[in-house]
Amino acid sequence: IDTPWVVKPEEKMKFDSIFDSLGPVGGMLSGDKVKPVLLNSKLPVDILGRVWELSDLDRDGMLDKDEFSVAMYLVYRALEGEPVPMSLPPPLVPPSKR
Amino acid sequence: QYPAGGSSTNPFL
């Protein structure tokens with residue numbers, strides 16, 4: 001399915017700069033680096049747990065740049081009052097992981 | 001799919 005990624009280029013740039021500021025190792029951020037950033041959103045931990053489940057597409061306990069963008073996208077939408085989906089809609093899957 | 005048992009890779013669980 002060739003749908004554009006819902007993360008817009010300008011959002012991706014913002015998320016990428018946050019990603020870089022967190023000190024990725026080998027292009028990945030571990031859970032203990034991402035966790036405080038997500039907790040900072042003040043969203044309930046069960047919501048953040050679901051955000052992580054949906055973002056860590058390869059379930060390696062780390063987020064790469066695209067996975068981190070998915071996490072941030074979901075957090076920002078949740079802060080705007082949109083529910084976090086139970087499974088990742090295809091337009092939210094990064095093009096690099098389809 | 002949640003892993004059935006075992007260590008979770010989710011730092012929020």
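In what follows, every chain begins at residue 1, and chains take the letters A, B, ... in the order their sequences are listed. The structure displayed is predicted, hence computed values, not measured ones.
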Report whether A/M62 and A/V51 are members of the same hydrophobic cluster (ILVMFWY, side-chain heavy atoms less than 4.5 Å apart, transitive linking).
no
Taking it one step at a time, do B/T9 and A/D56 satisfy side-chain contact (heavy atoms from CB on, under 4.5 Å)?
CA-CA 9 Å; B/T9 57; A/D56 186 13; 3.9 Å; yes
Is there a chain of hydrophobic side chains (I, L, V, M, F, W, Y, each step under 4.5 Å between heavy atoms) that links A/M72 to B/F12?
yes
Which heavy atom in A/E53 sits nearest to a heavy atom in B/L13, and how many Å separate them?
OE2-CD1, 3.8 Å
Measure across B/N10 and A/W52 and return the closest heavy-atom pair with its distance rounded to 0.1 Å.
CG-CD1, 3.5 Å
Residues 11-42 of chain A vs chain B, non-hydrogen distance cutoff under 4.5 Å, contacting residues -> A/G31, A/K35, A/L38, A/L39
Do A/V84 and A/W5 sit in the same hydrophobic cluster, where Ile, Leu, Val, Met, Phe, Trp and Tyr count as joined when their side-chain heavy atoms come under 4.5 Å apart?
yes
Could you tell me which portion of A/D46 (side chain, backbone, both or neither) has an atom closer than 4.5 angstrom to a non-hydrogen atom of chain B?
neither
